[in-house]
Amino acid sequence: MKAHHDCIVIGGGLVGAAIAYGLQRGGLATLLLDEGDIAYRASRGNFGLVWVQSKGLGAPHYQRWTRGSAEEWPRLAEELRSATGIGTGLHQPGGVHICLGEEEFEKRGEYMARLQREAGNLALEYRMIRGAEARDMLPGLGPDVAGVSWTPYDGHASPLYLLRALHAGFTGAGGAYLPNAGVTEAQAAPNDFRVEAAGQSFRSPKIVLAAGLGNAALAPLFGLDAPVRPQRGQILVTERAQQVLPMPTTTVRQTEEGSLMLGDSKEEVGFNLGQTPDAMKTIANRAVRSFPWIADLNIVRAWSALRVMAPDGLPIYDQSARFPGAFTANCHSGVTLAGTHANRLAPMIAAGELEPDMAPFSARRFDVRTAA
Ligand SMILES: Cc1cc2nc3c(=O)[nH]c(=O)nc-3n(C[C@H](O)[C@H](O)[C@H](O)COP(=O)(O)OP(=O)(O)OC[C@H]3O[C@@H](n4cnc5c(N)ncnc54)[C@H](O)[C@@H]3O)c2cc1C
């Protein structure tokens, strides 16, 4: 493996792979270093939504970034398919959030109205839909469903095919990928970085920290902060069923192969990757109240994975003031944001600077001491 590269990306999950793909496609000879199976890997355990309608309350910049990503997704999916032959299973037919009972429906209506107000010029289109109309949209909705919120922007994809396509697209464009290569040591100087991984030394004028939960430890080495914590989510998967759901919902989606994915929990349990009957029961119960026919399907798989969560739940994108050329990217929506990571963030990194409207995503918002 060559020692010198234009850019090194640390972390080969969805975030690192999307950025590395965008950098390599843009002409930067890029090295992607990935720790391997011992690491926590949200990218291999997520729900697969390309989701807009629950993102960015109180943070219009995040709403814009998410919408932008949903818009970039078709181009990215098509490009990956033609470059690698791998389909990402992208469908963006719109999506709904199901409300069980009147109270949930009312609260959701207030939430969506506020999101729309905050969207300003972005003009968020949504509808709160009740009764027969909701039942026409989604066959088999149960009697406990008071209604749904709908937007035209939402969709879903196969996160595993996406990851595979990004890796194949990256290496196919000439990118260098080194697995089982956890970065253990690093030296930073402005536009000059050296890292040790898999017993080798690598050097580059640019570096991107995209190591998921590993970023918390790596960031200070490069004059950055990435105060991310794990948040556990559990997911259940049913046997394959006849294709019935025309669009995804926040808690139930049907994959291209026909399985129903039921999700997911939000648990503050540190790095515990266990599964619990209580969380599984809650997930299954909500799914069956939403669609009673799901009760007839067998659960064939279940797992848990850890989200990469910032203190306020928003992404962190940052550049080091002390060591120009060092960047970090952290988020809990790496499927949704693959479009902007590959098509908007990577070009900014290639140009050597995040654009000014990315400033609200800086870790400086937490008032932690960034090494400046
Ligand atoms: C239950 C659940 C449901 C989710 N549902 C959705 C969803 O529906 N839609 C959506 O958009 N997002 C969803 N997400 C979030 C999404 O999975 C994550 O945002 C995304 O996977 C984060 O990707 P990442 O590359 O930052 O992290 P990871 O996938 O954790 O990858 C980090 C990589 O960095 C490597 N690494 C770590 N330390 C080092 C080191 N020192 N040196 C080298 N490599 C290192 C690891 O090996 C790993 O491969 C969900 C997450 C969970 C847990």
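Since this is a predicted model, take the numbers as computed values, not measurements. Atoms within each ligand, like the ligands themselves, are counted from 1 in listed order.
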For G36, counting its heavy atoms only, list the atoms of ligand 1 lying under 4.0 Å from any of them. 47 (O)
R135 atom CZ, over 12 foreign heavy atoms within 6.0 Å: yes
Does the N or O separation between L306 and ligand 1 drop below 3.5 Å for any pair? no
At a non-hydrogen distance cut-off of under 4.0 Å, which region of D264 contacts ligand 1 (side chain, backbone, both, or neither)? side chain
Protein contact to atom 18 (C) of ligand 1 [nearest heavy atom, distance to 0.1 Å]: G334 N, 3.6 Å
What is the nearest protein non-hydrogen atom to atom 30 (O) of ligand 1, stated with its residue, atom name and distance? Y40 O, 3.0 Å
Under 30°, 30 to 60°, or over 60°: which ring-plane class applies to H156 and H91, parallel, tilted or perpendicular? tilted
Minimum-distance protein heavy atom relative to atom 12 (N) of ligand 1: S333 CA, 3.4 Å
Mind checking whether L260 and M247 sit in one hydrophobic cluster, side chains of I, L, V, M, F, W, Y counted as touching below 4.5 Å? yes
Could you list the residues that satisfy salt bridge (Lys or Arg N to Asp or Glu O under 4.0 Å) with R229, not counting sequence neighbours? E268
Centres of the Y317 and F361 rings: under 6.0 Å? yes
Would you mind checking which non-hydrogen protein atom is closest to atom 7 (C) of ligand 1, with the distance to 0.1 Å? L49 N, 3.6 Å
If you count the atoms of ligand 1 from 1 in the order shown, which ones are under 4.0 Å from a heavy atom of A305? 53 (C)
Which residue and non-hydrogen atom of the protein lie closest to atom 48 (C) of ligand 1, and at what distance in Å? D34 OD1, 3.4 Å
Residue G48 vicinity, atoms of ligand 1 by number, heavy atom under 4.0 Å: 7 (C), 8 (O)
Among all protein heavy atoms in this structure, tell me which lies nearest to atom 45 (C) of ligand 1, with the distance rounded to 0.1 Å. E35 CB, 3.4 Å
Determine whether I129 and V145 fall in the same hydrophobic cluster, where Ile, Leu, Val, Met, Phe, Trp and Tyr are linked whenever their side-chain heavy atoms lie under 4.5 Å apart. yes
Answer yes when K107 and E103 have at least one side-chain N-carboxylate O distance shorter than 4.0 Å, and no when they do not. yes
Measuring from atom 4 (C) of ligand 1, which candidate in V50, L14, N46, T250 has the nearest non-hydrogen atom? N46
Using the side-chain hydrogen bond (donor to acceptor under 3.5 Å, both in side chains) rule, pick out the option among E267, H332, Q231 that qualifies with R307. Q231
Heavy-atom distances under 4.0 Å are what count here, so tell me which part of H332 touches ligand 1: side chain, backbone, both or neither. backbone
Hey, is A329 touching ligand 1 through its side chain, its backbone, both or neither, going by heavy atoms under 4.0 Å? neither
Looking only at protein heavy atoms, what sits closest to atom 25 (O) of ligand 1 is V15 N, 3.1 Å
Below 4.0 Å, non-hydrogen atoms only: which portion of I10 touches ligand 1? Side chain, backbone, both or neither. side chain
Please round to the nearest 0.5 Å and tell me the distance separating atom CG of D144 and atom CZ of R286. 10.0 Å
Aromatic centroids of Y153 and W51 separated by under 6.0 Å: no
Looking only at protein heavy atoms, what sits closest to atom 42 (N) of ligand 1 is V183 N, 2.8 Å
Please state which option from S43, P179, P248, G13 has its nearest heavy atom closest to atom 23 (O) of ligand 1. S43
If Ile, Leu, Val, Met, Phe, Trp and Tyr residues are connected whenever their side-chain heavy atoms lie under 4.5 Å apart, and connections chain through other members, are L162 and L49 in the same group? no
Answer with side chain, backbone, both or neither: which part of N330 has a heavy atom less than 4.0 angstrom from an atom of ligand 1? neither
Contacts satisfying ring-ring contact (aromatic ring centres under 6.0 Å, His included) that involve residues 237-263 (not counting sequence neighbours) are none
4.0 Å heavy-atom contact, A181 with ligand 1: yes
